[in-house]
Structures are given as structure tokens and as C-alpha cells.
Amino acid sequence: RAAGWVPPIPFTVKARDGKTDLYGLMFKPTHFDASKKYPIIDYVYPGPQTGSVRGRSFLASRSDHQALAELGFIVVAIDGMGTPWRSKAFHDAYFEHIEDNTLPDQVAGLKELGQRYPWIDLDRVGIWGHSGGGNATAGAMFHYPDFFKVGWAESGNHDNRNYEDDWAEKWQGLLVTREDGTTNYDAQANQRFAKNLKGRLMLTYGTLDDNVPPSNTLLVVEALIEANRDFDMIAIPNARHGYAEATPYITRRRWDYFVQYLAGDVPPREYALKPWPWR
């Protein structure tokens with residue numbers, strides 16, 4: 001606290017069913033003014049092997065959520081139905097429907113927070129995530145295009161037929177092709193819904209990603225081009241699934257993206273974040 005650390009604020013909201021409690025954390029700027037309206041940014045990781053909040057133990061830093069909040073945002077992380085460490089039924093909420101990505105719960109939770117707190121501006125909602133969170137972010141922009149205005153999707157496994165079969169089959173099941181040529185994996189393929197994009201979307205990936213191959217992002221890129229949709233993209237040369245030395249640059253670009261397109265402000269040009277240990 002002497003160094004300026006502030007604790008995140010735990011909260012509870014209802015899930016899509018209007019009954020199930022969901023738990024999350026909120027990060028407010030230290031210069032918070034309840035008379036103002038703040039854009040809200042949803043950090044998402046849909047699981048099913050973990051959630052957006054991750055562990056509940058003390059952490060001095062939870063990603064850069066507080067840093068992002070200091071730029072004039074309310075930042076939240078919500079563990080939706082389908083994430084682990086509760087009941088079996090809760091964890092199985094979207095089994096065999098991984099296109100769900102907890103997004104109905106993210107939307108329900110954000111709307112409840114907006115109704116509860118007048119200083120949250122639900123006309124300015126952003127979302128971001130990495131890997132599974134990158135998948136969910138693009139899905140949010142495509143399936144809820146009138147709600148989410150700005151998305152930053154990092155290294156997303158946008159079509160799990162192009163990802164690790166062991167992960168996809170564990171949560172979606174074996175690929176089944178029906179008589180009409182459709183499959184049980186069609187609904188989870190983000191590129192099929194890219195034409196719905198209305199807001200501002202950034203796609204990033206490492207060109208040497210050996211976890212989620214770059215082809216996953218390029219499927220979405222191709223679909224966006226075919227649909228004549230504007231989007232932004234950063235390909236990071238020689239980076240893998242994590243961005244290593246490029247992390248400060250990508251972090252700064254992400255901050256700038258939300259400041260410019262969600263808050264409507266002008267970020268400082270080419271602000272240089274200090275390198276931090278990554279090995």
C-alpha cells in the first residue's frame with residue numbers, strides 16, 4: 001500500500017440463468033470519481049480449464065488490470081459458467097458447445113454491473129484476452145456486435161479444428177460430419193461469423209507460435225477481408241505464444257487502442273514501457 005498498490009474489488013453477479021452466482025474482480029482507477037462515466041473493459045479467459053479471475057490467493061499484480069484502469073477505465077474479470085473449481089454441473093455448462101466461451105455470462109454480468117453502478121458506461125464496452133481469451137474476444141465482437149465496441153484479441157485459437165486435437169476433443173468431442181456436410185465444430189469457428197463485425201478489432205499473434213499456430217488468426221483475417229470489414233492486426237516476428245521481448249510494446253499498443261477507440265482520448269505517442277523479465 002505504501003508503494004501505491006490497491007486491492008481489487010470482489011463482486012458477485014448473476015449468470016445468464018438469472019439464478020447462479022458468478023464471482024469476479026473489479027479494478028478502478030485510484031483517481032476514481034463517482035460523478036463521472038467510465039468505459040468498462042472485460043478481461044476474458046473462458047476456460048474450461050481455468051477462468052478469467054484465475055486464483056483467489058494474494059497476487060501483487062493481476063496481469064496489468066490495475067494499470068489499464070489507471071488510464072480511465074473500469075476493468076473487470078468474471079468467471080462464467082463453464083469454468084472449474086465449483087460444481088461438476090457448473091463446469092459442464094457449455095460442454096460440447098465451446099463456442100459459448102462464457103460470453104452469455106460476460107454480457108449478463110456486465111449489464112448487471114452497469115445497472116448497479118451509474119458510473120459504468122455500457123455504451124462503451126471493451127473486451128480483451130489472450131489465447132482462449134483471444135478466441136472469446138473475437139467471438140464477442142462477432143456474436144454481440146452491438147454490445148462490445150472495441151476488442152483486442154491475442155493469439156486466439158479461433159477454430160479448434162486447427163488447434164490441438166487433445167484440447168478440442170476433451171471439451172467439444174470428436175469431430176462429427178453430418179449427412180448435410182455440417183459438423184459439430186461449425187458453431188465454434190470464429191471465421192464463419194466475422195462478417196458480423198461492427199466495432200473496432202485488433203488481432204495479434206506471434207509468427208512462430210507453436211501453441212496456437214498463426215493459421216488460426218489468418219482464418220479470421222481471410223474472412224474479414226472477404227466480408228469487406230475493417231480491422232487491425234499486428235504480427236510479431238519470431239515470437240511464440242507469449243510475446244517475450246515484444247510484450248512491453250504490445251501492452252502499450254493495447255493500452256493506446258482502448259484509450260483511443262473506447263475512451264475517445266489521445267494517447268501519448270510511442271510511450272516506451274520499460275522492459276521487464278520474461279524468461
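Side-chain atoms are counted along with the backbone in the values below, which use heavy atoms only and exclude waters and symmetry mates. Keep in mind that this is a model prediction, so the values were computed, not measured.
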What about I234 and F231, same hydrophobic cluster or not, with Ile/Leu/Val/Met/Phe/Trp/Tyr joined at side-chain heavy-atom distances under 4.5 Å?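 In one cluster with I234: F231, no.
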Does the structure place the NZ or CZ of K28 under 6.0 Å from the centre of the six-membered ring of F73, at an angle of no more than 45° from the ring's axis?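 No, a cation-pi geometry is absent between K28 and F73.
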Do R86's NZ or CZ and the ring of F90 fall within the cation-pi criteria of under 6.0 Å and 45°?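 Yes - R86 lies over the ring of F90, closer than 6.0 Å to its centre and within 45° of its axis.
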Checking [X] side chain against [Y] main chain: does a donor-acceptor pair fall under 3.5 Å?
{"X": "R254", "Y": "W152", "result": "no"}
{"X": "R16", "Y": "Q106", "result": "no"}
{"X": "Q260", "Y": "P267", "result": "no"}
{"X": "D232", "Y": "L203", "result": "no"}
{"X": "Y38", "Y": "D33", "result": "yes"}
{"X": "H130", "Y": "A153", "result": "no"}
{"X": "R178", "Y": "T183", "result": "yes"}
{"X": "W171", "Y": "F95", "result": "no"}
{"X": "D105", "Y": "A15", "result": "no"}
{"X": "T137", "Y": "G129", "result": "yes"}

Should D17 and K19 be marked as a salt bridge (Lys or Arg N to Asp or Glu O under 4.0 Å) after you check the CA-CA gap, both sets of side-chain angles, and the distance that decides it? CA-CA 5 Å; D17 60 7; K19 299 182 296 183; 5.3 Å; no
With the threshold set at 4.0 Å, does a side-chain nitrogen-carboxylate oxygen contact exist between [X] and [Y]?
{"X": "D209", "Y": "R240", "result": "no"}
{"X": "E226", "Y": "K195", "result": "no"}
{"X": "D166", "Y": "K170", "result": "no"}

Run the numbers on I41 and L262 for side chain to side chain contact (heavy atoms under 4.5 Å, CB included), then give the verdict. CA-CA 9 Å; I41 298 174; L262 192 63; 3.7 Å; yes
May I ask you to check whether [X] and [Y] show a side-chain donor-acceptor distance below 3.5 Å?
{"X": "N135", "Y": "N190", "answer": "yes"}
{"X": "R252", "Y": "Y271", "answer": "no"}
{"X": "Y257", "Y": "R253", "answer": "no"}

Under 6.0 Å from the [atom1] atom of [X], do we count more than 12 heavy atoms belonging to anything else shown?
{"X": "K36", "atom1": "NZ", "result": "no"}
{"X": "K149", "atom1": "NZ", "result": "yes"}
{"X": "N228", "atom1": "CG", "result": "no"}
{"X": "D230", "atom1": "CG", "result": "no"}

Run S131 and E154 through side chain to side chain contact (heavy atoms under 4.5 Å, CB included) and show every step you take. CA-CA 6 Å; S131 193; E154 296 183 356; over 6 Å; no
Who pairs with F27 by ring-ring contact (aromatic ring centres under 6.0 Å, His included), at least two apart in sequence or on another chain?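 Testing F27 for ring-ring contact (aromatic ring centres under 6.0 Å, His included), a comparison that skips the adjacent residues, returns H65.
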Go through the steps for S155 and Y243 under the test side-chain hydrogen bond (donor to acceptor under 3.5 Å, both in side chains), then give the verdict. CA-CA 10 Å; S155 302; Y243 299 155; 2.6 Å; yes
Verdict with reasoning, E112 to K14, per side chain to side chain contact (heavy atoms under 4.5 Å, CB included): CA-CA 8 Å; E112 182 176 337; K14 293 298 182 185; 3.7 Å; yes
Ring-plane angle category for Y117 and W119, please: parallel below 30°, perpendicular beyond 60°, tilted otherwise.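 Y117 and W119: parallel rings.
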side-chain hydrogen bond (donor to acceptor under 3.5 Å, both in side chains) between D64 and W255, worked out: CA-CA 10 Å; D64 63 329; W255 294 357; 2.6 Å; yes
Got R62 and L25 here, is their nearest side-chain heavy-atom distance under 4.5 Å?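 When only atoms from C-beta onward are counted, L25 and R62 do touch, with a gap below 4.5 Å.
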Side chain proximity check, I40 to R124, heavy atoms < 4.5 angstrom: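 A side-chain contact under 4.5 Å is absent here.
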Worked check of side-chain hydrogen bond (donor to acceptor under 3.5 Å, both in side chains) between N184 and E96: CA-CA 8 Å; N184 60 326; E96 295 185 332; over 6 Å; no
Please determine whether side-chain hydrogen bond (donor to acceptor under 3.5 Å, both in side chains) holds for the pair Q172 and N160, giving the CA-CA distance in whole Å, both sets of side-chain angles, and the decisive distance to 0.1 Å. CA-CA 9 Å; Q172 181 64 13; N160 288 285; over 6 Å; no
